[in-house]
Amino acid sequence: MCITAMAIVIQKEVGIPPRPEGARLPAHLICEKGTYMVNEEKYVEDITDQDDNFSKWYNQIVRKAELADYAPVRGCMIIRPYGYALWEHLQHTVDTRFKENDVENAYFPLLIPQSFLQKEAEHVEGFAPEVAWVTRGGGEELEEPLAIRPTSETIIGHSFSKWIQSYRDLPLIINQWANVMRWEKRTALFLRTSEFLWQEGHTAHRTLEEAEARTRLMLDVYRAVAEEDAAIPVIAGRKSENEKFAGALRTYSIEAMMGDGKALQSATSHNLGDNFARGFDIQYLDADSQRKYCYTTSWGMSTRMIGGLIMVHGDKSGLILPPRLAPYQVVIVPIWRKEKEREAVLDMVNRVEKMLKGKVRVKVDRSDNTPGWKYNEWEMRGVPVRMEIGPRDVQNNNVMLVRRDNRAKEPVPVEALETRLPELLEELQKALYQRALEFREQNTHTTESYDEFKEIIAEKRGFVRVKWAEDSAAETAIKEETKATLRVIPFDQPEGGVQGKCIYTGKPATCEAIFARSY
RNA sequence: CGGGGUGUGGCGCAGUUGGUAGCGUGCCUGGUUUGGGACCAGGAGGUCCGCGGUUCGAGUCCGCGCACCCCGACCA
């Protein structure tokens with residue numbers, strides 16, 4: 001909301017050109033006062049074009065940028081230091097926001113007794129195909145197989161039932177940072193790996209209303225992380241019955257549009273009602289001396305978000321990381337010709353580095369590679385701002401700043417850096433958000449005709465917003481006929497209710513829903 | 001789990017009718033270089049995915065596995 005308004009203002013100031021429909025990249029570059037025009041060309045020749053083969057581009061970028069590698073075990077990934085640093089920044093902002101909302105961290109075991117998983121009927125059924133089992137230990141068959149957690153509702157529910165005695169123990173608001181494992185048939189780095197890192201929050205409440213409020217509150221935290229930190233505009237809303245979490249009363253999610261128009265569920269928040277409380281006997285003694293079941297919630301965000309970052313912001317030169325999450329916000333490239341220059345340049349580099357340390361995340365590339373090589377390398381790795389320091393800059397006591405998103409150049413006096421650089425990073429942060437928002441808006445369609453719906457899904461991709469009567473069978477049929485799924489029923493609905501007929505059944509519509517093909 | 005594809009130095013690839021493996025890039029050493037992926041010279045690096053078969057001889061032909069990628073069905 002407020003970030004959007006700010007972003008629009010910023011957009012006017014710096015003049016981000018609107019992206020042509022369907023295009024991944026702005027075809028123009030900014031040429032403001034004090035900036036330099038750069039030729040638009042493809043500097044990095046060995047990256048697959050996004051428009052040519054988006055998933056190939058994605059895979060190449062993940063590996064070339066050294067975010068992750070394939071592991072020797074199918075479907076598993078190795079997160080490399082650069083990718084892990086990104087995750088740590090994401091973790092940090094999420095964790096900070098959690099703690100502002102009374103969340104406490106804890107840790108529960110990786111292994112879950114088989115019997116636990118079976119205590120919630122829908123839950124077992126939903127997860128059964130994806131669970132990996134440990135059946136041997138200490139050289140012997142185990143008496144009871146142990147599941148490698150696909151999620152921890154059950155084992156945490158077990159603890160909750162012991163910890164909660166009275167209404168005075170509520171609400172209980174716990175989070176854990178953990179790995180989980182879901183045996184996936186088809187995997188992709190970050191987006192869907194058999195093992196992945198995430199956080200899972202679990203809460204218990206006195207009333208359903210309070211549980212609902214917490215569910216919505218945490219979804220809004222995810223919304224804020226996505227929009228403000230990851231610069232990814234998302235649509236928040238409710239999942240359909242077909243798409244909700246196994247065992248939940250209601251599931252909410254934030255959905256983002258990737259650069260190829262497909263949707264990515266970026267985080268989910270579930271109101272579990274009293275389903276798990278009944279399964280795990282999570283009861284409390286209320287003020288009226290009655291024993292009552294708690295209402296529980298769970299909510300999670302995973303390393304998948306990194307996949308989202310890559311696919312939302314990346315361009316044909318590689319990654320573009322939002323400044324607030326980028327492992328390096330600025331990379332300094334020293335340039336010289338003669339030995340004398342080298343000394344002066346490195347002096348200045350050291351001075352600038354020292355000045356900026358602790359204020360922005362700065363990396364100096366002191367390798368022997370040529371400046372041109374470094375430009376391409378760090379652009380590919382998505383560093384938001386490049387700082388060039390060469391003999392000319394030493395002479396003028398300024399540095400050259402170059403934005404990753406549009407390559408706009410800007411000479412800045414050294415003494416102005418401490419104020420200008422953070423400012424520039426914020427401008428970039430907002431511009432990325434704005435660009436992604438415009439892309440999403442250009443690729444969000446509305447229609448009342450199912451034929452047109454099919455055509456849009458098949459040819460244009462993107463989101464399709466339609467009138468909907470919340471019919472589960474119709475949803476399944478649409479999925480079979482078009483491969484599009486109901487991503488989310490947005491909170492943002494027309495004022496005064498929806499008028500008209502459901503796009504598929506023709507029944508009176510009860511809401512507007514977003515359909516898309518998804519990851 | 002179905003359909004398709006690919007497995008050859010770290011990465012990307014070539015390898016003809018079967019004759020004992022090569023190119024680009026990266027890596028190491030030395031030197032010259034550095035404002036958009038520099039250059040020269042020297043060098044290291046391969047059980048050609050695995051197993052079996054055909055053959056005097058297999059990266060190449062045949063069979064059986066395995067892995068990975070892409071497209072579907074299932075999912076954060």
Side-chain angles (χ1 to χ4, degrees), chain A residues 36 38-48 53-56 58-60 63-64 66 69-76 125-131 150-151 179-200 222 239 242-246 251 253-255 264-270 298-308 317-318 333-339 341-342 345 365-380 386-394 399-400 402 407 409 411 479-480 483 485 517-519:
Chain A
Y36 291 66
V38 184
N39 289 332
E40 171 81 358
E41 53 183 279
K42 192 175 175 184
Y43 289 119
V44 180
E45 297 297 338
D46 50 355
I47 298 175
T48 300
N53 185 340
F54 195 81
S55 61
K56 193 169 179 184
Y58 175 83
N59 276 310
Q60 281 184 357
R63 298 174 72 190
K64 278 177 166 294
E66 299 181 0
D69 255 345
Y70 291 110
V73 178
R74 193 197 118 80
C76 294
E125 200 190 326
F127 279 103
E130 303 177 59
V131 175
T151 179
N179 59 341
V180 287
M181 173 156 276
R182 298 181 186 178
W183 215 260
E184 297 288 348
K185 306 276 186 195
R186 187 171 161 192
T187 59
L189 295 171
F190 290 112
L191 298 173
R192 188 176 299 101
T193 43
S194 291
E195 180 192 10
F196 58 91
L197 306 184
W198 76 346
Q199 59 62 221
E200 47 178 323
Y222 293 138
K239 284 287 194 183
N242 292 22
E243 298 280 334
K244 74 171 196 195
F245 177 75
T251 289
S253 81
I254 52 172
E255 299 284 327
L264 185 77
Q265 175 176 304
S266 307
T268 49
S269 188
H270 316 291
S298 67
W299 18 277
M301 192 211 66
S302 71
T303 36
R304 168 180 273 189
M305 183 66 94
I306 292 176
S317 298
V333 178
I335 301 154
W336 64 80
R337 284 171 188 284
K338 303 168 194 138
E339 203 50 25
E341 291 171 344
R342 176 171 174 266
V345 164
D365 188 343
R366 301 175 201 275
S367 72
D368 292 333
N369 295 311
T370 60
W373 192 92
K374 292 174 186 175
Y375 298 169
N376 287 293
E377 175 73 6
W378 293 110
E379 278 180 10
M380 192 264 293
R386 174 173 81 239
M387 186 188 298
E388 301 173 14
I389 300 181
R392 288 206 295 270
D393 303 296
V394 172
V399 301
M400 189 64 79
V402 187
R407 296 201 177 95
K409 289 193 173 186
K479 185 175 179 179
E480 275 164 16
K483 289 166 192 147
T485 49
R517 295 192 61 173
S518 73
Y519 278 97

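Every chain is numbered from 1 and lettered A, B, ... according to where its sequence line falls, protein lines coming before strand lines. Note that the structure is predicted; figures quoted are calculated from it, not measured.
- Annotation: B:A58 and B:G53 have their C1' atoms spaced 11 Å apart (nearest Å).
- Annotation: B:U29 and B:U6 have their C1' atoms spaced 37 Å apart (nearest Å).
- For A:Ala128, there are no side-chain contact (heavy atoms from CB on, under 4.5 Å) partners, not counting sequence neighbours.
- Across B:G7 and B:G65, the matching C1' atoms stand 14 Å from one another, rounded to whole Å.
- For the C1' atom pair drawn from B:U20 and B:U60, the interatomic distance equals 12 Å after rounding to whole Å.
- Taking A:Ser253 as the reference, A:Glu255 meet the side chain to side chain donor-acceptor pair (under 3.5 Å) condition, with sequence neighbours excluded.
- The number of heavy atoms from other shown groups lying within 6.0 Å of CZ (A:Arg337) does not exceed 12.
- Distance check, rounded to the nearest 0.5 Å: CZ of A:Arg304 to CG of A:Leu264 gives 5.0 Å.
- Taking the P atoms as reference points, B:G19 lies 15 Å from B:C62, given to the whole Å.
- Separation of the P atoms belonging to B:G59 and B:U16 is 12 Å when rounded to the nearest angstrom.
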Solution key, residues 180-193 of chain A side-chain donor-acceptor pairs under 3.5 Å, sequence neighbours excluded:
{"from": "A:Arg182", "atom 1": "NE", "to": "A:Pro150", "atom 2": "O", "distance (Å)": "2.7"}
{"from": "A:Arg182", "atom 1": "NH2", "to": "A:Pro150", "atom 2": "O", "distance (Å)": "2.7"}
{"from": "A:Arg192", "atom 1": "NH2", "to": "A:Tyr519", "atom 2": "O", "distance (Å)": "3.4"}
{"from": "A:Thr193", "atom 1": "OG1", "to": "A:Glu195", "atom 2": "O", "distance (Å)": "2.8"}

Secondary-structure notation, RNA chain B, from Watson-Crick and G-U pairs under 3.5 angstrom (| other strand): (((((((..((((.....[..)))).((((((.....)))))).....(((((..]....))))))))))))....
Contact string for nucleotides 3-12 of chain B, one letter per nucleotide 5' to 3', B = base within protein heavy-atom range under 4.0 Å, S = sugar-phosphate only, - = neither, reads ----------
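- Applying the salt bridge (charged side-chain N to carboxylate O under 4.0 Å, His left out) test to A:Arg392 and every residue at least two apart in sequence or in another chain returns nothing.
- Applying the side chain to side chain donor-acceptor pair (under 3.5 Å) criterion to A:Tyr58, with sequence neighbours excluded, gives no partner residue.
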Show the distances under 3.5 angstrom between N or O atoms of the protein and N or O atoms of nucleotides 29-35 of chain B.
{"from": "B:U34", "atom 1": "OP1", "to": "A:Arg337", "atom 2": "NH1", "distance (Å)": "3.4"}
{"from": "B:U34", "atom 1": "OP2", "to": "A:Arg337", "atom 2": "O", "distance (Å)": "2.9"}
{"from": "B:U34", "atom 1": "O2'", "to": "A:Trp336", "atom 2": "O", "distance (Å)": "3.0"}
{"from": "B:U34", "atom 1": "O4", "to": "A:Trp336", "atom 2": "NE1", "distance (Å)": "3.0"}
{"from": "B:G35", "atom 1": "O6", "to": "A:Gly390", "atom 2": "O", "distance (Å)": "3.4"}
{"from": "B:G35", "atom 1": "O6", "to": "A:Pro391", "atom 2": "N", "distance (Å)": "3.1"}
{"from": "B:G35", "atom 1": "O6", "to": "A:Arg392", "atom 2": "N", "distance (Å)": "2.7"}
{"from": "B:G35", "atom 1": "O6", "to": "A:Asp393", "atom 2": "OD2", "distance (Å)": "3.4"}
{"from": "B:G35", "atom 1": "N1", "to": "A:Asp393", "atom 2": "OD2", "distance (Å)": "2.6"}
{"from": "B:G35", "atom 1": "N2", "to": "A:Glu388", "atom 2": "OE1", "distance (Å)": "2.9"}
{"from": "B:G35", "atom 1": "N2", "to": "A:Asp393", "atom 2": "OD2", "distance (Å)": "3.4"}

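- Residues satisfying the side-chain contact (heavy atoms from CB on, under 4.5 Å) test with A:Asp69, not counting sequence neighbours, are A:Arg63, A:Ile78, A:Arg80.
- Expressed to the nearest 0.5 Å, how far CG of A:Asn179 lies from CZ of A:Phe196 amounts to 9.5 Å.
- A:Glu125 CD: 12 or fewer foreign heavy atoms inside a 6.0 Å radius.
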Contact pattern, 5' to 3', of nucleotides 69-76 of chain B - B, S or - by protein heavy atom under 4.0 Å: SSSBBSBB
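- Under the 4.5 Å side-chain criterion, counting only non-hydrogen atoms from C-beta, A:Ser317 is in contact with A:Arg407.
- A distance of about 37 Å separates the C1' atoms of B:G57 and B:C70, rounded to the whole Å.
- Every residue two or more places apart in sequence or in another chain that forms a side chain to side chain donor-acceptor pair (under 3.5 Å) with A:Gln199 is listed here: A:Tyr222.
- With sequence neighbours excluded, the residues satisfying side-chain contact (heavy atoms from CB on, under 4.5 Å) with A:Trp336 are A:Pro334, A:Glu341, A:Arg342, A:Val345, A:Leu346.
- When the P atom is compared between B:C23 and B:G9, the two are found 15 Å apart, to the nearest whole Å.
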